[in-house]
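For reference, the structure is listed below as structure tokens.
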Amino acid sequence: MLPTEKYMSMHVHTFTKQQCKVGVELLSKARHLNLVEVEVALFFLLIIIGPECCCSKLTPHSCNWMCSSQVVLKNATRLCSTKPIVTVNGKFPGPNIYAREDDTVLVKVVNHVKYNVSIHWHGVRQLRTGWADGPAYITQCPIQPGQAFIYNFTLTGQRGTLWWHAHILWLRATVHGALVILPKLGVPYPFPKPNMEQVMILSEWWKSDTEAVINEALKSGLAPNVSDAHTINGHPGPVQGCASQEGFKLDVQPGNTYLLRIINAALNEELFFKIAGHELTVVEVDAVYTKPFKTDTIVIAPGQTTNVLLTTKHAAGKYLVAASPFMDAPIAVDNKTATATLHYSGTLGSTITTLTSMPPKNATPLATSFTDSLRSLNSKKYPARVPLKIDHNLLFTVSLGINPCATCVNNSRVVADINNVTFVMPKISLLQAHFFKIKGVFTDDFPGNPPVVYNFTGTQPSNLRTMKGTRVYRLAYNSTVQLVLQDTGMITPENHPIHLHGFNFFVVGRGQRNFNPTKDPKKFNLVDPVERNTVGVPAGGWTAIRFRTDNPGVWFMHCHLEIHTTWGLKMAFVVDNGKGPNESLLPPPSDLPKC
């Protein structure tokens, strides 16, 4: 846990600009330095328990950061069984990275495992630096075994809780961590200053190798096995069959305020989060401040972050911290609840923990109430700049489907799609094809509306087959977009958390059943809608978002349920350059990985 005013002394070492300049040059030239060699070369301590970052002062208020991330296998024991997992710096969850608004971050990722690797900086705008965004075959070829790549990006105008994770295969099950962007020095939070801060990463755990789980599912054409447990900061807590394992413990002092930075890093499940005997005040989602509101339960989808204030109002005691699944469709989920403990100082270990009851997994009214309570702060300092005039009015259906497969069970395969297009991953990155004008990699004819209009949430067509293609939607620089994301009843309705790379967007409306283009826009919130980068499309309903294309490049949009991304529920926007260099994509770095 970090005291907010002491984070720099605990996590980084500050050096002269010249020392860090030398370090950057060495990182750029040396692709295979081991940890000891990097330590000697850069004159700073590489702490294996966290990201090691060297800060070269640019101004009194900003830094260039250099971090080293070694992707390695590590044995991990959970649920009373041990398996090797892919990690960064040997840790699960991976190291948390701390920086400030407008800092520049350089992270050297060295791949020591057998899998190809790429790292996505989830929620970072990557203004003109799409090469550092991370999704494999979208903005870069992956980092091959034995190779390295330096991610170089600036946190322009952003502050709050984001995160990083692998963006290839199912590696993000264990390759993930927090990216905490503190306000500029001297700039306060727009809420009461907390005494301490704590990252809380929610995730899933499989006893089996997750790559084997998804490979078996793809071979059969069926859905994969659900996880065996949920975790809080890497630990499930005691569960049936393994009561001896301890959960994460959050030590607190009475009468203090704590800022909890909650991240849902789960592969496939939305989660409820709750602390027994305590109320939470939501103050931020997806690194954007919100109007504060109180709740005892938060709902958080994969890919989303939520910051809450927790006031320790009791004198002593132990209180259960819990995360359990939310699923309001007839789909199998991991029903186990992850548990941790809020432990007041001075409380005896033998004290009985105060428990709490979690909502039923299909508690749709609770989830809807939480989502509807989210509003942008929309203050003078942090305004909500909602696009009012729209250049592109799009409607995308998000669906499942069934395509033929001669080698699969039942001779068919479950797939997923947007506007009936199941996305086919290219062999080189879309961004390279776009920048270098390489033909034959993609087409820019992605449909802006469903090819066939029907009662999306009613009776479904008998033909559940989808089209396949590597198709993108092209947008001019600085265009305004309204995108309605419509769920369908294909196979089953389901809540889809949709993540858009490269942009934040405003969630101007949501509703049940089919979107009505005549009636529903009249109810849009264009004053203080919540701003975020990942949004849930309700099961059997729709969500409307608006954003401005002020970032040239190729930007991935996909469902953050990893199985749906694997099945093809993904597409990309190409945003062309604007006028002049400040509105144009930068050239690729010299060490960009090759396919």
Side-chain angles (χ1 to χ4, degrees), residues 1-8 10-11 61 96 98-103 123-124 155-163 178-202 250-264 273-275 277-300 304-314 319 321 342 369-386 504 506-507 525 527-534:
M1 188 185 302
L2 294 181
T4 55
E5 67 274 11
K6 294 183 180 179
Y7 90 101
M8 290 188 65
M10 296 183 65
H11 273 251
H61 301 287
N96 298 327
Y98 288 81
R100 291 193 182 274
E101 179 181 350
D102 291 342
D103 283 354
V124 175
L155 304 168
T156 306
Q158 293 187 272
R159 84 294 302 167
T161 304
L162 296 174
W163 64 301
L179 172 56
V180 175
I181 311 171
L182 296 168
K184 295 178 183 179
L185 281 171
V187 177
Y189 293 125
F191 47 78
K193 181 181 178 181
N195 300 100
M196 302 282 280
E197 303 188 10
Q198 176 66 52
V199 170
M200 305 286 282
I201 299 181
L202 315 179
L250 177 56
D251 291 310
V252 297
Q253 300 285 336
N256 280 355
T257 297
Y258 296 80
L259 180 65
L260 304 185
R261 299 178 178 271
I262 305 167
I263 299 166
N264 186 347
F273 177 87
K274 193 173 182 182
I275 300 178
H278 292 77
E279 203 168 40
L280 306 172
T281 301
V282 177
V283 293
E284 178 201 301
V285 295
D286 291 2
V288 181
Y289 296 133
T290 64
K291 288 182 171 65
F293 71 94
K294 295 182 183 298
T295 181
D296 66 357
T297 307
I298 75 162
V299 186
I300 185 166
Q304 293 181 335
T305 70
T306 302
N307 282 9
V308 299
L309 294 176
L310 164 72
T311 300
T312 47
K313 61 183 181 178
H314 303 288
Y319 297 84
V321 181
L342 187 75
S369 174
F370 178 86
T371 301
D372 289 347
S373 298
L374 294 169
R375 292 284 188 272
S376 287
L377 187 60
N378 194 27
S379 64
K380 185 176 181 180
K381 187 173 179 61
Y382 303 105
R385 296 189 175 94
V386 186
N504 280 354
F506 293 97
V507 185
N525 176 7
V527 177
D528 61 351
V530 67
E531 181 182 352
R532 56 190 328 161
N533 61 61
T534 305

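Below, each value reflects all heavy atoms present in this structure, side chains not excepted, and no hydrogens, waters or symmetry copies. This chain uses plain numbering: 1 for the first residue, then up along the sequence. Please read all numbers here as calculations on a predicted model, not as lab measurements.
Side-chain contact check for R532 versus L374: some heavy-atom pair is nearer than 4.5 Å. Residues T295 and S373 are not in side-chain contact: their nearest non-hydrogen atoms beyond the backbone lie 4.5 Å or more apart. No side-chain heavy atom of F506 sits under 4.5 Å from any side-chain heavy atom of D528. Using a 4.5 Å heavy-atom threshold, the side chains of Y98 and V199 count as touching. Put simply, the side chain of N195 does not reach to within 4.5 Å of the side chain of Q253, judged on heavy atoms. Residues T306 and F273 have side chains not in contact (no heavy-atom distance under 4.5 Å, counting atoms from C-beta outward). L377 is not listed as a side-chain neighbour of E284, based on a closest heavy-atom distance of 4.5 Å or more. Side-chain contact between I275 and L260 is present, with at least one heavy-atom pair separated by less than 4.5 Å.
A178 and I263 make their closest contact through CB-CD1, 3.6 Å (heavy atoms, listed as atom of the first residue, atom of the second, distance). Residues P188 and Y382 approach most closely at O-OH, 4.3 Å, considering heavy atoms. Annotation for L162 and T305: closest pair CA-CG2, 4.3 Å, computed over non-hydrogen atoms. Residue T281 comes nearest to P292 through the heavy atom pair CG2-CB, 3.9 Å, listed as atom of the first residue, atom of the second, then distance. The two residues N307 and T161 come nearest to each other via the heavy atoms OD1-OG1, 2.8 Å.
Taking the six-membered ring where the residue is Trp, H278 and H314 present perpendicular rings, their angle passing 60° and hence far from 30°.
Distance CG/L310 to CD/E279: 10.5 Å, rounded to 0.5 Å. How far NZ of K313 is from CG of N256: 15.5 Å, rounded to the nearest 0.5 Å. Going from atom NZ of K294 over to atom CG of L309 covers 8.0 Å, rounded to the nearest 0.5 Å. The CD atom of Q304 lies 6.0 Å from the OG1 atom of T534; values are rounded to the nearest 0.5 Å.
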Legend entry - CA sep, side-chain torsions, deciding dist, call: I201, W163, side chain to side chain contact (heavy atoms under 4.5 Å, CB included): CA-CA 10 Å; I201 299 181; W163 64 301; over 6 Å; no
Inset, instruction - Could you check L280 against I298 for side chain to side chain contact (heavy atoms under 4.5 Å, CB included), going step by step and ending with a plain yes or no? - result: CA-CA 8 Å; L280 306 172; I298 75 162; 4.1 Å; yes
Legend entry - Pair R100-L185, side chain to side chain contact (heavy atoms under 4.5 Å, CB included): steps then yes or no: CA-CA 8 Å; R100 291 193 182 274; L185 281 171; 3.3 Å; yes
Inset, instruction - Might you work through the side chain to side chain contact (heavy atoms under 4.5 Å, CB included) test for V386 and V527, ending with a clear yes or no? - result: CA-CA 7 Å; V386 186; V527 177; over 6 Å; no
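A donor-acceptor pair under 3.5 Å is absent between the side-chain atoms of E531 and the main chain of A384, judged by distance alone. Not one N or O on the side chain of E197 forms a donor-acceptor pair closer than 3.5 Å with the backbone of L259. Without hydrogens or angle criteria, R159 side chain to G157 main chain gives a donor-acceptor distance under 3.5 Å. Panel note: side chain Q158, backbone G123; a donor-acceptor pair is recorded below 3.5 Å. Judged by distance alone, with hydrogens and angles left aside, the side-chain atoms of K291 form a donor-acceptor pair with the main-chain N or O of S376 at under 3.5 Å. A side-chain donor-acceptor contact under 3.5 Å links N264 to the backbone of I300. No donor-acceptor pair under 3.5 Å is formed between the side chain of R261 and the backbone N or O of Q198. D102 contributes no side-chain N or O that, together with a main-chain N or O of K184, makes up a donor-acceptor pair within less than 3.5 Å.
Here the rule is side chain to side chain contact (heavy atoms under 4.5 Å, CB included) with R375, and of N525, V530, T290 only N525 fits it.
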